[in-house]
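Note sheet for the following structure.
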Amino acid sequence: MTAPAQIHLTLPDGSSREVPQGTTPLAVATAIGPRLAAAAVGAELDGETVDLRTPLTRGGALRIVTAGTPEAGPFVRHSAEHLLADAVRRLWPEAEYDAGRQDHSEKYQYDFRFPRPFTPEDLERIEAEMRRIIAEDAPFERIEVSREEAARIFREMGFTLKLERLADIPEGETITLYRHGAFTDLCRGPHVQRAGQVGAIKLLEASGSYFKGDERNERLQRIYGTAFSSERELAAYLEALAEARARDHRKLGPELDLFSFDPLAPASPFFHPKGAVVYNLLIDYVRELNTRNGYGEVVTPQILDVELWHTSGHWANYRENMFFTELDERQYAVKPMNCPTHCLIYAKGLRSYRDLPIRYADFGRLHRYERSGVTSGLTRVRSFAQDDAHVFCTDEQVEAEVLRAVGIIFEIYRTFEFPEVAIGIGLRPENRVGTDAQWDAAERALQRALDRQGLAYTLNPGDGAFYGPKIDFRIKDAIGREWQLGTVQLDYQMPERFGLEYVGADGATHRPVMIHRAMLGSVERFLGILIEHTAGAFPLWLAPVQAVVLPVSERFLDYGQRVRDELAAAGLRVEIDDGNEKLGYKIRQAQLRKVPYMLVVGEREAAAGTAAVRLRSGEDRGPVAVPELIAKLREAAAARRVAEL
RNA sequence: GCCCACGUGGCUCAGGGGUAGAGCACCUCCUUGGUAAGGAGGGGGUCAUCGGUUCGAAUCCGAUCGUGGGCUCCA
């Protein structure tokens, strides 16, 4: 008989232990101390979640996760899934549960085969039942079973969905069940020790879903919920949700008179004058960067013969997202992307390697037919513009051109003060065009470019476009939500399809590489995100109204108008509130409109040639001489910074 | 596209088979007021659209359009 092999564990405090292989994290926790064991909800081995009851087969960095820490979330929510399914079964024994899942946020979900949608009243009943289950505090058990045993259990329960799920588990993988009380589910874990450790729960909404997420499959009923170790954490989460709702651009946009929608053009925003100011300033900013970086702006047609779209491949791959029209027995399509028109411009002349790289920027209006259920506010629309550009270059130039684009992207994100930028490289997908050698070179070029800048990134296999790999930039906004904005994509396909060429130093013809690049992504979508990021309080340089003059009474209207005129003459966007109201009322109005600077003028100011500055933060800056005010506001707006007032 | 919910004056919402309500906003008048709502009066809605049931529909039923939450997809 041989003694079990020892494995080596290191703990967060730097200490380490040798334990026999097959020891559970719970046993380790118990050995450290009973209080730790009692508070433990799960474990992490080398950063990966592990159930407390799973025998360890290898050593590594072990961390015991305790209730109330952020790391407890996945364990708590995964366990809450089971409590949810248990509660539904207790209330409706005929309900069949399919599978639960967590998304990347604090939500989890569970799908059921149920004859009708769940109502809000159902959710309340289920939530109450879950609380009872939590109070019962049954321990979670982890049970390893054979495939046959698992199949027998679910067959007896009449669970055909589970049998399909079971069949999807690869041969040779350990099959585990988790049980608490009378409830059993096929599950990989990990779970908390006892139901009571799921401290605070809330069901959020119900919706339909499809079995395995495929719309050809049976329709199931899904319930979303969230759970935390403590009521305090739950309350903080619900508060964050409320904050996100308050910042919703679909609410703020119309309120601030930025844009609206009309049923006659579904999912197509109408920008009002104030919204158009911001919209155009965003474009002006990108245009400035384009010019500085050698991009030449082009203007291209909106409607083009379908032949173009056959050539580009859009007819074959993108037709269901396009608008068409026919005139004089000729078929046209409204452009959903700019790249084909840029290829046409490139092909207008004989290009030499000396001409490359050629960089075309385009803010052209694009139209995409999005399915009716997927549109949303400004973030998913049918009519929009991108801060688009395409670079035609040689293989050798790819790296430098990628870096140029990355540099601009970072400059932009700095300007908008996004606290975090994450980068991912999408590598070759299953379905792709081009040779492996081309992909090797392209993927290497992207990585090398980022490495050269010392930028951290994640590699996302299979995430590339069918025509080439891409870099994606994701930012976090002011309340921690992640958005994908910019993208840099390599394309070997489009130049091929359009037969694009250049004459090399060797006198032979070569095929250029095409780089697609966008920084804001779509201007519409970016504006939506920016509204939520800033809660509608745009920085000075973007504010539709930068300052509003507030006369204390009608007696000072004349002076107020002079101040307004002087600021306006200096190029500032300024208004005057000449309403027959008290100062407090006018301040409130300006505040609600999120105007950055309120300029109060009354007797003292009129006499001294000043204006009393109040910020929208509520801060009172006192009197400032009008010429100084103008100089500081102009300077700050030009530099896209806050004014030093 | 599919499932569910919703659609009442510019906005937020109440009402609910017998012929439309409130607050805010808007207009007029009074008040001329120093850092988040001064007072009084007034105008404004074919209750999303179309059809059905009914003596009678904003209210019940159906369809359509739109919006929202999901599925799926993506800038």
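In what follows, chains carry the letters A, B, and so on, assigned in the order in which the sequence lines appear, proteins first and then strands, with residues in each chain numbered from 1.
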- prompt: Can A:Thr300 and A:Lys335 be said to form a side-chain hydrogen bond (donor to acceptor under 3.5 Å, both in side chains), step by step?
  reply: CA-CA 10 Å; A:Thr300 59; A:Lys335 71 174 168 184; 2.8 Å; yes
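Rounded to a whole angstrom, the distance from the C1' atom of B:rG44 to that of B:rC6 is 25 Å. Taking the P atom of each, B:rA20 and B:rC24 are spaced 23 Å apart, rounded to whole Å.
Between A:Phe324 and A:Trp315, the ring-plane angle classifies as perpendicular under the 30° and 60° cut-offs. Below 30°, between 30° and 60°, or above 60°: for A:Phe259 and A:Phe261 the angle between ring planes is above 60°, a perpendicular geometry. Classification of the A:Tyr279-A:Phe271 ring pair by plane angle, with boundaries at 30° and 60°, yields tilted.
For B:rG1, one of the phosphate oxygens OP1 or OP2 lies less than 4.0 angstrom from a side-chain nitrogen or oxygen of A:Tyr369. Put simply, A:Arg250 has a side-chain N or O that comes within less than 4.0 Å of OP1 or OP2 on B:rG68. The phosphate of B:rA75 has neither OP1 nor OP2 within less than 4.0 Å of any side-chain N or O from A:Arg517. Between A:Arg222 and B:rG69, a side-chain N or O to OP1/OP2 separation shorter than 4.0 Å is absent. Contact annotation: A:Tyr224 side-chain N/O to B:rC4 OP1/OP2 distance is not under 4.0 Å. An OP1 or OP2 oxygen of B:rA75 is reached within less than 4.0 angstrom by no side-chain nitrogen or oxygen of A:Tyr318. The shortest distance between the side-chain N/O atoms of A:Arg614 and the OP1/OP2 oxygens of B:rA36 is below 4.0 Å.
Of the candidate nucleotides B:rA37, B:rG38, B:rA75, B:rA75 has the atom nearest to the side chain of A:Gln484. With B:rA75, B:rU72, B:rG33 as the choices, the nucleotide that has an atom nearest any side-chain atom of A:Val381 turns out to be B:rA75. When distances run from any side-chain atom of A:Ile587 to the nucleotides B:rC73, B:rA36, B:rG34, the shortest one goes to B:rA36. Among B:rC74, B:rG38, B:rG33, the nucleotide with an atom closest to any side-chain atom of A:Glu581 is B:rG38. The side chain of A:Arg380 lies closest to B:rC73 when the candidates are B:rU32, B:rG34, B:rC73. For A:Ser372, the side-chain atoms get nearest to B:rG1 when compared with the rest of B:rG34, B:rG1, B:rA75. Which of B:rG38, B:rG34, B:rG66 sits closest to the side chain of A:Pro266 comes down to B:rG66. Of the candidates B:rU72, B:rA37, B:rU32, B:rA37 carries the atom nearest the A:Arg588 side chain, counting heavy atoms from C-beta on. Listed candidates were B:rG34, B:rA75, B:rA36. Nearest to the side chain of A:Leu583 is B:rG34. Distances from the side chain of A:Asn580 to the nucleotides B:rU35, B:rG33, B:rA36 place B:rG33 closest.
A:Glu320 comes within contact range of no nucleotide atom at all, as no heavy-atom separation falls under 4.0 Å. At the heavy-atom level, A:Ala267 lies under 4.0 Å from the strands shown only through sugar-phosphate atoms. Using a 4.0 Å heavy-atom cutoff across all strands shown, A:Gln589 reaches no nucleic acid atom at all. Within 4.0 Å (heavy atoms only), A:Ala590 reaches no atom of the nucleic acid at all. No engagement by A:Gly528 is indicated, since no non-hydrogen atom pair under 4.0 Å with the nucleic acid exists.
Using a 4.5 Å cut-off on side-chain heavy atoms (C-beta onward), A:Arg525 and A:Leu485 make contact. Residues A:Thr379 and A:His249 are in side-chain contact: their nearest non-hydrogen atoms beyond the backbone lie under 4.5 Å apart.
For the pair A:Arg497 and A:Tyr467, the NZ or CZ position fails the cation-pi test of under 6.0 Å to the six-membered ring centre and within 45 degrees of the ring normal.
Judged by centroid separation below 5.5 Å and plane tilt below 30°, A:Tyr585 does not stack onto the base of B:rG38.
Two residues, A:Gly602 and A:Gln386, neighbour RNA chain B, and the one matched to the more 5' nucleotide by heavy-atom proximity is A:Gly602.
The nearest whole Å value for the distance from the CG atom in A:Leu550 to the P atom in B:rG34 is 14 Å.
In this structure, A:Phe556 has no ring pair (Phe, Tyr, Trp, His ring centres under 6.0 Å) partners at least two apart in sequence or on a different chain.
Base pairing in RNA chain B yields stems of at least 3 consecutive Watson-Crick or G-U pairs, both distances under 3.5 Å, namely B:1-7 with B:65-71, B:10-13 with B:21-24, B:26-30 with B:38-42, B:48-52 with B:60-64.
Taking the six-membered ring for Trp and the full ring otherwise, A:Phe416 and A:Phe526 have centroids separated by under 6.0 Å.
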